[in-house]
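Following: one structure in structure tokens, then a few remarks.
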Protein chains: 2
Amino acid sequence: MINSMNKKVTINDIATIANVAKSTVSRYLNGGSVSEHTRLKIDRIVAQYNYTPNTFAQSLKQQKNHTIGVIVPRLDSIAQSDMLRGLDDLNKDDTFLIVNAYQDAKRELAAIEKLHSQNVGGIILLTANLTDEIRDVLKASPLPIVIQGQDEPNFHRVIMDDLAAGKAVGQYIKTLAPKNVLLLNVDTKIDQAVGHDRFVGIKAALAETPHQEIITDFKLDTAKADSYQAMQTDDFDLVIGATDRIVVGAMQSAFALKQHPKFIGFGQSFFSETVSPNLTSFEFNFYETGKQLYRLFLKVRDDKPVDVQRVIMNGHLVVRESTE
Amino acid sequence: MINSMNKKVTINDIATIANVAKSTVSRYLNGGSVSEHTRLKIDRIVAQYNYTPNTFAQSLKQQKNHTIGVIVPRLDSIAQSDMLRGLDDLNKDDTFLIVNAYQDAKRELAAIEKLHSQNVGGIILLTANLTDEIRDVLKASPLPIVIQGQDEPNFHRVIMDDLAAGKAVGQYIKTLAPKNVLLLNVDTKIDQAVGHDRFVGIKAALAETPHQEIITDFKLDTAKADSYQAMQTDDFDLVIGATDRIVVGAMQSAFALKQHPKFIGFGQSFFSETVSPNLTSFEFNFYETGKQLYRLFLKVRDDKPVDVQRVIMNGHLVVRESTE
DNA sequence: TTGTACGCGTTATCAA
DNA sequence: TTGATAACGCGTACAA
């Protein structure tokens, strides 16, 4: 299948061997008009020498390229991995350049600038928690850009309906009739969609119920430590975390303290089905989200819409053992 | 920081504005000899117009490119993510094109061929479980290629010392003095390093101890079902799985059956520290492995060694709650 | 249908 | 130190 010669064969080589002009080969490759005879001839030669066009020359000539930079906050997450799969599955002509920002705004900014210097044809930002600096750089970019996760008014985006998610969880809470609830949330300044939107419906549902809210962060260890402290001084029969990861931290604290509250999380993750008991959580379809992101990107890149585009994804509550 | 004009500024533009030849600008960019005067002049203009070289033109001209295709079997795994981070952290001039093979040999083959057609400058294959077909394609490739995970005699590779790992676990087992052990293994034809090498030392240590070996696969659900069946008919006080994921499946079965054996796994994963009890497992340093992979790749690409290169990584046993 | 000639942005060679 | 020019591989007017 793959030519084992060291020098790559070019369109010129093919042309020489076939005894035609390279423009004829180029037409052949791009579906232009070629006679039956020459087509068959070139067919054979291309197959034999396993010719593939030089993508660099193509991009250079065509003044556009099909490399899309994808910035992800982390790789070891089902949500991210599913979105990437969604992008992959819809893609035909593009190449994704995946960059891990390691959940660090500085690295994210650096990644954006590096992608520009690498001449990508566009950028997709997953789970974007934008700083002012990043916003500025993105605004100044001439590239088609699509973000995911935050409802940023000035950017084309695919967002999750976190308000509805919180509302659904709120409804469900009422059926559990808890006596004392622990809310493990994150800073709204760091993540508005998660920290604020997800909890609107929950807090509304808890208006008459004793509850305590703690601000922790996305890391398992932090959530574990923070929840441990809360659980030491108070006894909860329901714990709701802003993400599954956070809830797992809380589960470990409860385990250590021999407490057995119910648990509800957000997000589709390893955790839901690997922890015991399996975790009840509100799940989004990130695979579909990836597809929508790619569709939106193509629209932005190819149609150059004047209005800012906004796509909303919804999800559903999956009840598992942790609330039984 | 980033030019907001739609047309990218080229070396020609810079030259025109600076009133010099483009070759002078090129020399300036590549550290050739330029007078103090013109250097300062170009300095300003490059900064002002935020010029960055067109990487496609560079690659085309230089006849080599700095894009390395990295094929990973899955993305939602700490091991993979850590290796990628290792690659990242050592990298300066290269660009990694990450392709998810979704643990499917067909997709892996397709990925290899697509990377060739995308003119990557080399390929790194993570956790490579090669089929004959893939071996053939790789052998025929003119590109520098490095693989990880399997001790493939004909390929430059970085492997884990699974033999030593198994030996270490074997030693540890003896201190536990188990009465009846369940081994959850995978098909050696699918993964020689895991299925065979890891278990040599373990089986040696269990020569005098009753034990049962079951062949399952890498998926959590399969491991869960397979172990459930075994645990129904027999009672084990120690379960050893070929990977952490497999062990977590077994933990769920044990949980369901109200059994409480000890557990030992392999691999550094989410699981080790998210499941309760935390999992004792033999862990490799995949971050360091990623670095070694990149070093090896550079060596292969730049020095073109005649001998096949082989790097071995070792790890260590981390004892946690699951064997206490 | 086919071929010629040029240009994409860059680097390298060679004179000046 | 500088600049004119050719070349990398490809696509595309334009002419034949």
Side-chain angles (χ1 to χ4, degrees), chain A residues 3 5-43 45-46 49-67 93 95 116-121 142, chain B residues 3 5-43 45-46 49-67 93 95 116-121 142:
Chain A
N3 174 32
M5 292 297 94
N6 258 333
K7 286 221 58 75
K8 284 221 50 158
V9 16
T10 75
I11 198 175
N12 248 315
D13 301 328
I14 302 294
T16 309
I17 297 166
N19 242 315
V20 293
K22 66 176 178 183
S23 53
T24 302
V25 180
S26 178
R27 257 180 289 112
Y28 160 90
L29 291 169
N30 299 302
S33 63
V34 257
S35 71
E36 182 78 8
H37 178 64
T38 52
R39 180 153 48 77
L40 293 175
K41 187 165 58 176
I42 301 179
D43 266 341
I45 300 176
V46 163
Y49 288 83
N50 202 266
Y51 166 74
T52 53
N54 182 316
T55 52
F56 300 110
Q58 283 183 320
S59 292
L60 178 59
K61 175 64 191 177
Q62 298 176 184
Q63 290 296 78
K64 61 171 168 175
N65 71 78
H66 289 274
T67 302
D93 304 318
T95 298
H116 277 87
S117 80
Q118 285 173 324
N119 299 95
V120 296
Chain B
N3 173 32
M5 292 296 95
N6 258 332
K7 287 222 58 75
K8 284 219 53 162
V9 16
T10 74
I11 199 175
N12 248 315
D13 300 329
I14 302 294
T16 309
I17 297 166
N19 242 316
V20 294
K22 62 177 177 182
S23 48
T24 303
V25 180
S26 179
R27 254 180 291 113
Y28 159 91
L29 292 169
N30 300 303
S33 63
V34 258
S35 70
E36 182 78 8
H37 178 63
T38 53
R39 181 154 47 77
L40 292 175
K41 188 165 58 176
I42 301 178
D43 266 342
I45 300 177
V46 163
Y49 288 83
N50 202 265
Y51 166 76
T52 52
N54 182 316
T55 51
F56 299 111
Q58 284 182 320
S59 291
L60 176 60
K61 177 63 190 176
Q62 297 176 185
Q63 291 296 74
K64 62 171 168 173
N65 71 78
H66 290 274
T67 302
D93 303 319
T95 298
H116 277 87
S117 80
Q118 285 172 325
N119 299 96
V120 296

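The figures that follow rest on heavy atoms only: side chains count, while hydrogens, waters and symmetry mates do not. A quick note: this is a predicted structure, and the numbers were derived from the prediction, not measured.
- Each of B:Thr52, B:Thr55, B:Thr67, B:Thr95 was evaluated against A:Gln118; a single residue qualifies, B:Thr95, per the side-chain hydrogen bond (donor to acceptor under 3.5 Å, both in side chains) test.
- Look at B:Asn54 and you won't find any side-chain N or O under 4.0 angstrom from OP1 or OP2 of C:dT10.
- Residue A:Gln58 has no polar side-chain atom (N or O) positioned under 4.0 Å from OP1 or OP2 of D:dG9.
- Within the 4.0 angstrom heavy-atom criterion, no nucleotide atom of any strand lies near A:Ser59.
- For the pair B:Glu36 CD and D:dT2 C1', the computed distance is 16 Å after rounding to whole Å.
- Candidate nucleotides C:dT10, D:dC10, D:dG9 were compared by shortest atom distance to the side chain of B:Pro53, and C:dT10 ranks first.
- Rounded to an integer number of Å, the gap from B:Phe56 CZ to C:dG7 P is 22 Å.
- Note: CG (A:Asn65) to P (C:dC8) measures 17 Å, nearest angstrom.
- Phosphate proximity of C:dC8 to A:Gln62: absent, as no side-chain N or O sits under 4.0 Å from OP1 or OP2.
- Map B:Thr38 and A:Tyr51 each onto its nearest nucleotide of DNA chain D; the residue landing nearer the 5' end is B:Thr38.
- For the pair A:Ser33 and A:Lys61, nearest-nucleotide mapping onto DNA chain C gives the more 5' position to A:Ser33.
- A sub-4.0 Å separation between OP1 or OP2 of D:dG9 and a side-chain N or O of B:Gln63 is present.
- Within 4.0 Å of A:Thr10, counting heavy atoms only, lie sugar-phosphate atoms of the nucleic acid but no base atom.
- Counting all heavy atoms, side chain and backbone alike, B:Gln58 lies closest to B:Pro53 at NE2-CB, 3.5 Å.
- Atom-to-atom, CD of A:Gln118 to P of C:dT10 comes out at 15 Å; the value is rounded to the nearest Å.
- None of A:Val20, A:Val46, A:Leu29 except one satisfies the side chain to side chain contact (heavy atoms under 4.5 Å, CB included) rule with A:Ile14; the exception is A:Val46.
- Taking the side chain as every heavy atom from C-beta outward, B:Asp13 and B:Thr10 approach each other to under 4.5 Å.
- For the pair B:Ser35 and B:Thr38, the tightest heavy-atom approach, listed with the atom from each and the gap, is OG-OG1, 2.9 Å.
- Per the geometry, NE2 belonging to B:His66 stands 11 Å off P belonging to C:dT11, to the nearest Å.
- You'll find the side chain of B:Val25 stays beyond 4.5 Å of the side chain of B:Tyr51, heavy atoms only.
- Spacing between atom CD1 of B:Ile11 and atom C1' of C:dC8 amounts to 14 Å, rounded to whole angstrom units.
- Here D:dC10 presents its P atom at 9 Å from CG of B:Leu60, a figure rounded to the nearest Å.
- Between A:Lys8 and B:Asn119 the shortest side-chain heavy-atom distance falls below 4.5 Å.
- A heavy atom lying under 4.0 Å from DNA chain C marks the following residues of residues 12-29 of chain B, by number: B:Lys22, B:Ser23, B:Ser26.
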